[in-house]
Amino acid sequence: MKKSQRFKRTIKLKKAFSANDEEHEDENASTTSTSTSRSKKPIIVRPKVKPNPQPLLPALESSIDMEKAVILSPDFFQIEALDLATRLLGKLLRRDDVVLRITEVEAYRPNDTACHGRFGITERTAPIFGPGGHAYVYLCYGLHTMLNVVADKEGTGAAVLIRACAPVMGLETIQQRRGQNTNKPVLLAGPGKVGQALGISTEWSNHPLYTPGGLEILDGPEPEKILVGPRVGIEYASPEHVSALWRFAIADSPWISAPKSTLRPA
DNA sequence: GAAAAGATTAAA
DNA sequence: TTAATCTTTTCC
(Lines give C-alpha, C1' and ligand atoms only; values in the text may rest on other atoms or scores of the structure.)
Protein backbone atom coordinates (compact mmCIF):
# COMPACT_ATOMS: atom_id res chain seq x y z
CA MET A 1 0.00 0.00 0.00
CA LYS A 2 1.31 3.40 -0.96
CA LYS A 3 1.85 6.08 1.63
CA SER A 4 -0.80 8.32 0.10
CA GLN A 5 -3.32 5.50 0.22
CA ARG A 6 -2.51 4.77 3.82
CA PHE A 7 -3.08 8.39 4.73
CA LYS A 8 -6.40 8.44 2.95
CA ARG A 9 -7.41 5.30 4.76
CA THR A 10 -6.64 6.80 8.17
CA ILE A 11 -8.77 9.81 7.43
CA LYS A 12 -11.66 7.65 6.33
CA LEU A 13 -11.44 5.48 9.41
CA LYS A 14 -11.81 8.54 11.59
CA LYS A 15 -14.76 9.58 9.54
CA ALA A 16 -16.33 6.16 9.87
CA PHE A 17 -16.33 6.42 13.64
CA SER A 18 -17.59 9.97 13.81
CA ALA A 19 -21.32 9.19 13.52
CA ASN A 20 -22.02 12.40 11.72
CA ASP A 21 -25.47 13.11 10.34
CA GLU A 22 -24.44 16.02 8.22
CA GLU A 23 -22.50 14.01 5.71
CA HIS A 24 -25.38 12.84 3.65
CA GLU A 25 -28.08 15.45 3.44
CA ASP A 26 -28.20 15.73 -0.30
CA GLU A 27 -28.56 12.13 -1.27
CA ASN A 28 -32.14 12.28 -2.33
CA ALA A 29 -30.99 14.24 -5.32
CA SER A 30 -31.47 12.13 -8.37
CA THR A 31 -28.85 13.79 -10.50
CA THR A 32 -25.32 14.12 -9.21
CA SER A 33 -23.66 13.86 -5.83
CA THR A 34 -21.05 15.91 -4.10
CA SER A 35 -17.45 14.83 -4.36
CA THR A 36 -16.41 14.26 -0.79
CA SER A 37 -13.99 11.51 0.13
CA ARG A 38 -14.95 9.32 -2.78
CA SER A 39 -13.30 10.27 -6.01
CA LYS A 40 -16.04 9.72 -8.54
CA LYS A 41 -19.68 8.98 -8.12
CA PRO A 42 -21.94 7.76 -10.89
CA ILE A 43 -24.69 9.96 -12.22
CA ILE A 44 -27.85 8.19 -11.23
CA VAL A 45 -30.75 8.73 -13.57
CA ARG A 46 -33.91 7.29 -12.18
CA PRO A 47 -36.64 6.47 -14.68
CA LYS A 48 -39.87 8.32 -14.18
CA VAL A 49 -42.57 5.92 -13.07
CA LYS A 50 -46.28 6.51 -12.88
CA PRO A 51 -47.53 5.86 -9.33
CA ASN A 52 -49.51 2.68 -8.92
CA PRO A 53 -52.93 3.53 -7.47
CA GLN A 54 -53.61 0.07 -6.05
CA PRO A 55 -53.68 -0.36 -2.26
CA LEU A 56 -50.78 -1.99 -0.47
CA LEU A 57 -50.94 -5.71 0.13
CA PRO A 58 -51.34 -7.44 2.46
CA ALA A 59 -53.68 -5.44 4.67
CA LEU A 60 -51.45 -5.50 7.74
CA GLU A 61 -48.82 -3.16 6.40
CA SER A 62 -51.37 -0.56 5.35
CA SER A 63 -53.03 -0.62 8.77
CA ILE A 64 -49.95 0.39 10.72
CA ASP A 65 -50.54 3.59 12.69
CA MET A 66 -47.44 5.70 12.18
CA GLU A 67 -48.68 8.20 14.79
CA LYS A 68 -47.95 5.61 17.46
CA ALA A 69 -44.64 4.42 16.06
CA VAL A 70 -41.79 5.29 18.40
CA ILE A 71 -38.08 5.29 17.68
CA LEU A 72 -36.12 2.47 19.30
CA SER A 73 -33.42 3.25 21.86
CA PRO A 74 -29.74 2.19 21.59
CA ASP A 75 -30.36 -0.53 24.21
CA PHE A 76 -32.60 -2.37 21.80
CA PHE A 77 -29.70 -3.00 19.43
CA GLN A 78 -26.94 -3.83 21.88
CA ILE A 79 -27.76 -7.51 22.18
CA GLU A 80 -26.46 -10.65 20.50
CA ALA A 81 -26.96 -10.61 16.72
CA LEU A 82 -29.22 -13.69 16.60
CA ASP A 83 -31.56 -12.09 19.15
CA LEU A 84 -31.49 -8.77 17.37
CA ALA A 85 -32.20 -10.43 14.03
CA THR A 86 -35.49 -11.97 15.17
CA ARG A 87 -36.46 -8.88 17.12
CA LEU A 88 -35.96 -6.67 14.07
CA LEU A 89 -38.65 -8.59 12.18
CA GLY A 90 -41.75 -6.40 12.02
CA LYS A 91 -39.89 -3.22 12.96
CA LEU A 92 -40.08 -0.15 10.75
CA LEU A 93 -37.36 1.54 8.73
CA ARG A 94 -38.07 5.18 7.97
CA ARG A 95 -36.36 7.70 5.79
CA ASP A 96 -38.43 10.83 5.36
CA ASP A 97 -41.74 9.85 3.76
CA VAL A 98 -40.70 6.26 3.07
CA VAL A 99 -41.52 3.66 5.73
CA LEU A 100 -40.71 -0.04 5.29
CA ARG A 101 -41.59 -2.96 7.54
CA ILE A 102 -38.70 -5.40 7.96
CA THR A 103 -39.79 -8.87 6.81
CA GLU A 104 -36.53 -10.79 6.35
CA VAL A 105 -33.08 -10.61 7.96
CA GLU A 106 -29.81 -12.50 8.38
CA ALA A 107 -27.45 -12.47 11.37
CA TYR A 108 -23.67 -12.11 10.93
CA ARG A 109 -21.64 -12.80 14.05
CA PRO A 110 -18.18 -12.69 15.60
CA ASN A 111 -15.97 -15.61 14.50
CA ASP A 112 -18.37 -16.12 11.61
CA THR A 113 -16.53 -16.99 8.38
CA ALA A 114 -19.31 -15.33 6.39
CA CYS A 115 -19.19 -12.03 8.31
CA HIS A 116 -17.51 -9.01 6.77
CA GLY A 117 -15.84 -8.49 10.13
CA ARG A 118 -13.84 -11.69 9.74
CA PHE A 119 -10.70 -9.82 8.61
CA GLY A 120 -10.88 -7.36 11.47
CA ILE A 121 -11.42 -3.62 11.40
CA THR A 122 -10.94 -2.15 7.94
CA GLU A 123 -12.07 1.07 6.37
CA ARG A 124 -15.24 -0.58 5.13
CA THR A 125 -16.07 -2.74 8.15
CA ALA A 126 -15.27 -0.31 10.96
CA PRO A 127 -18.95 0.39 11.73
CA ILE A 128 -19.55 -3.33 12.41
CA PHE A 129 -17.19 -3.06 15.36
CA GLY A 130 -18.83 0.08 16.67
CA PRO A 131 -21.77 0.11 19.11
CA GLY A 132 -25.03 -1.56 18.12
CA GLY A 133 -27.72 0.57 16.57
CA HIS A 134 -25.69 2.06 13.74
CA ALA A 135 -26.02 1.22 10.06
CA TYR A 136 -23.40 -0.73 8.16
CA VAL A 137 -23.84 -0.09 4.44
CA TYR A 138 -21.62 -1.66 1.81
CA LEU A 139 -21.51 -1.94 -1.94
CA CYS A 140 -22.07 -5.42 -3.34
CA TYR A 141 -20.97 -6.42 -6.86
CA GLY A 142 -20.13 -2.78 -7.40
CA LEU A 143 -23.82 -2.04 -7.81
CA HIS A 144 -26.01 -2.70 -4.82
CA THR A 145 -26.08 -0.95 -1.46
CA MET A 146 -26.75 -3.41 1.34
CA LEU A 147 -28.14 -2.20 4.66
CA ASN A 148 -27.13 -3.88 7.91
CA VAL A 149 -28.00 -3.01 11.49
CA VAL A 150 -24.96 -3.26 13.77
CA ALA A 151 -25.60 -5.48 16.79
CA ASP A 152 -24.23 -5.91 20.30
CA LYS A 153 -21.69 -3.89 22.28
CA GLU A 154 -18.85 -1.88 20.83
CA GLY A 155 -15.97 -4.08 19.72
CA THR A 156 -18.08 -7.21 19.15
CA GLY A 157 -18.27 -7.19 15.36
CA ALA A 158 -21.80 -8.40 14.59
CA ALA A 159 -24.58 -7.15 12.34
CA VAL A 160 -27.97 -8.00 10.87
CA LEU A 161 -28.54 -7.75 7.11
CA ILE A 162 -31.95 -6.46 6.04
CA ARG A 163 -32.89 -8.79 3.18
CA ALA A 164 -36.49 -7.78 2.51
CA CYS A 165 -39.20 -5.34 3.55
CA ALA A 166 -42.86 -4.58 2.94
CA PRO A 167 -43.92 -1.04 2.00
CA VAL A 168 -45.86 0.88 4.65
CA MET A 169 -45.67 4.47 3.41
CA GLY A 170 -44.25 6.35 0.45
CA LEU A 171 -45.04 3.78 -2.23
CA GLU A 172 -44.70 6.42 -4.92
CA THR A 173 -41.18 7.35 -3.83
CA ILE A 174 -40.23 3.70 -3.50
CA GLN A 175 -41.42 2.96 -7.01
CA GLN A 176 -39.55 5.93 -8.43
CA ARG A 177 -36.31 4.96 -6.75
CA ARG A 178 -36.70 1.34 -7.78
CA GLY A 179 -37.80 2.18 -11.30
CA GLN A 180 -40.62 -0.33 -11.00
CA ASN A 181 -44.30 0.51 -11.13
CA THR A 182 -45.51 -2.37 -9.00
CA ASN A 183 -46.68 -3.15 -5.49
CA LYS A 184 -45.73 -6.80 -5.67
CA PRO A 185 -42.87 -8.38 -3.68
CA VAL A 186 -40.45 -7.91 -6.59
CA LEU A 187 -40.40 -4.28 -5.45
CA LEU A 188 -38.70 -4.92 -2.10
CA ALA A 189 -37.75 -8.61 -1.76
CA GLY A 190 -33.96 -8.54 -1.83
CA PRO A 191 -31.26 -6.67 0.11
CA GLY A 192 -30.16 -4.52 -2.83
CA LYS A 193 -33.75 -3.51 -3.44
CA VAL A 194 -34.19 -2.33 0.16
CA GLY A 195 -31.11 -0.13 -0.11
CA GLN A 196 -32.27 1.29 -3.42
CA ALA A 197 -35.80 1.94 -2.11
CA LEU A 198 -34.38 3.87 0.83
CA GLY A 199 -32.11 5.81 -1.50
CA ILE A 200 -29.00 5.20 0.58
CA SER A 201 -25.35 4.95 -0.43
CA THR A 202 -22.25 3.77 1.42
CA GLU A 203 -22.02 7.30 2.81
CA TRP A 204 -24.73 6.20 5.22
CA SER A 205 -22.52 3.55 6.77
CA ASN A 206 -22.22 4.16 10.53
CA HIS A 207 -25.32 6.36 10.62
CA PRO A 208 -27.09 5.98 14.02
CA LEU A 209 -30.56 4.49 13.64
CA TYR A 210 -31.80 5.56 17.09
CA THR A 211 -31.75 9.31 16.54
CA PRO A 212 -34.52 11.29 14.79
CA GLY A 213 -33.88 12.34 11.21
CA GLY A 214 -32.08 10.65 8.37
CA LEU A 215 -32.60 6.93 8.66
CA GLU A 216 -34.45 5.57 11.70
CA ILE A 217 -35.80 2.31 13.09
CA LEU A 218 -39.21 2.50 14.78
CA ASP A 219 -41.19 -0.02 16.79
CA GLY A 220 -43.66 -2.04 14.75
CA PRO A 221 -46.10 -4.94 15.01
CA GLU A 222 -44.44 -8.15 16.18
CA PRO A 223 -44.80 -11.10 13.81
CA GLU A 224 -46.87 -14.06 14.96
CA LYS A 225 -44.73 -16.76 13.43
CA ILE A 226 -41.28 -16.72 11.93
CA LEU A 227 -39.34 -18.87 9.47
CA VAL A 228 -35.69 -19.88 9.72
CA GLY A 229 -33.17 -21.09 7.16
CA PRO A 230 -29.54 -20.95 6.05
CA ARG A 231 -28.15 -17.65 4.84
CA VAL A 232 -28.03 -16.78 1.16
CA GLY A 233 -24.97 -16.39 -1.07
CA ILE A 234 -22.22 -17.27 1.41
CA GLU A 235 -20.76 -20.37 -0.25
CA TYR A 236 -17.26 -19.10 0.51
CA ALA A 237 -17.80 -19.61 4.25
CA SER A 238 -16.96 -22.73 6.27
CA PRO A 239 -19.54 -25.57 6.14
CA GLU A 240 -20.79 -25.00 9.67
CA HIS A 241 -21.53 -21.36 8.87
CA VAL A 242 -23.03 -22.12 5.47
CA SER A 243 -25.51 -24.46 7.13
CA ALA A 244 -26.20 -22.34 10.22
CA LEU A 245 -29.87 -21.32 10.38
CA TRP A 246 -29.27 -17.62 10.81
CA ARG A 247 -31.77 -16.33 8.23
CA PHE A 248 -35.18 -15.29 9.56
CA ALA A 249 -38.41 -14.13 7.94
CA ILE A 250 -41.99 -13.34 8.86
CA ALA A 251 -44.14 -16.39 8.12
CA ASP A 252 -47.01 -15.76 5.73
CA SER A 253 -45.50 -12.57 4.39
CA PRO A 254 -45.20 -12.41 0.60
CA TRP A 255 -42.33 -9.92 1.01
CA ILE A 256 -39.54 -12.50 1.16
CA SER A 257 -36.55 -12.80 -1.16
CA ALA A 258 -35.42 -15.87 -3.09
CA PRO A 259 -34.86 -18.66 -2.31
CA LYS A 260 -37.97 -19.28 -0.21
CA SER A 261 -37.73 -23.06 -0.38
CA THR A 262 -34.95 -23.23 2.24
CA LEU A 263 -37.07 -21.52 4.90
CA ARG A 264 -38.90 -23.61 7.51
CA PRO A 265 -41.12 -22.79 10.51
CA ALA A 266 -39.01 -21.96 13.55
C1' DG B 1 0.85 -4.18 -8.74
C1' DA B 2 -2.40 -7.41 -10.62
C1' DA B 3 -6.20 -10.43 -10.23
C1' DA B 4 -10.19 -12.61 -8.33
C1' DA B 5 -14.48 -12.64 -6.16
C1' DG B 6 -18.38 -10.87 -3.86
C1' DA B 7 -24.25 -11.15 2.00
C1' DT B 8 -27.11 -9.18 -6.08
C1' DT B 9 -30.26 -7.78 -9.69
C1' DA B 10 -32.65 -7.49 -14.02
C1' DA B 11 -32.92 -8.68 -18.54
C1' DA B 12 -32.18 -12.09 -22.36
C1' DT C 1 -27.84 -17.70 -18.05
C1' DT C 2 -25.30 -13.59 -18.04
C1' DA C 3 -23.74 -8.81 -17.90
C1' DA C 4 -23.26 -4.93 -15.06
C1' DT C 5 -19.65 -2.65 -12.01
C1' DC C 6 -16.15 -1.53 -8.23
C1' DT C 7 -14.17 -2.30 -3.67
C1' DT C 8 -11.66 -5.34 -0.83
C1' DT C 9 -8.48 -8.80 -0.18
C1' DT C 10 -5.03 -11.92 -1.65
C1' DC C 11 -1.37 -13.48 -4.37
C1' DC C 12 3.08 -13.07 -6.92
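In the text below, chain A, chain B and the rest are named by the order of the sequence lines, each starting its count at 1.
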Across every strand shown, the nucleotide meeting Watson-Crick or G-U wobble geometry with B:dA3 (both distances under 3.5 Å) is C:dT9

For atom OH of A:Tyr141 and atom C1' of B:dA11, their distance in whole Å: 17 Å

Looking at A:Asp112 and A:Arg231, is there a salt bridge between them, counting it only when a charged N and a carboxylate O are closer than 4.0 Å? yes

Just checking A:His134 against A:Tyr210, ring centres under 6.0 Å apart? yes

Take the protein atom OH of A:Tyr138 and the nucleotide atom C1' of C:dT8, then report the distance between them rounded to whole Å. 12 Å

So does A:Arg109 pair up with A:Glu80, basic N to acidic O under 4.0 Å? yes

Round to a whole Å and report the spacing from CZ of A:Phe119 to P of B:dG6. 11 Å

From CD1 of A:Ile234 over to P of B:dT8, roughly how many Å is that when rounded to an integer? 10 Å

Both A:Glu235 and A:Ala189 contact DNA chain B. Taking the nearest nucleotide for each, which residue is further toward the 5' end? A:Glu235

Below 4.0 angstrom from OP1 or OP2 of C:dT7, is there any side-chain N or O of A:Thr202? no

Taking any heavy-atom pair under 4.0 Å as a contact, classify A:Tyr108: base, sugar-phosphate, or nothing. base

Determine, using ring centers only, whether A:His116 and A:Tyr138 are less than 6.0 Å apart. yes

Would you indicate, yes or no, if B:dA10 has its OP1 or OP2 atom less than 4.0 angstrom from a side-chain nitrogen or oxygen of A:Arg178? yes

Calculate the interatomic distance between A:Leu139 atom CG and B:dT9 atom C1'; express it in whole Å. 13 Å

Just call it for A:Arg124: base, sugar-phosphate, or nothing, with non-hydrogen atoms closer than 4.0 Å on any strand. sugar-phosphate

If I take atom CD in residue A:Gln196 and atom C1' in nucleotide B:dT8, what distance separates them, rounded to the nearest angstrom? 11 Å

In whole angstrom, give the distance that lies between atom CZ of A:Arg118 and atom P of C:dT10. 8 Å

Atom CG of A:Leu143 and atom P of C:dC6 are separated, to the nearest Å, by 7 Å

Do A:Ser257 and A:Arg163 have a side chain donor and acceptor closer than 3.5 Å? yes

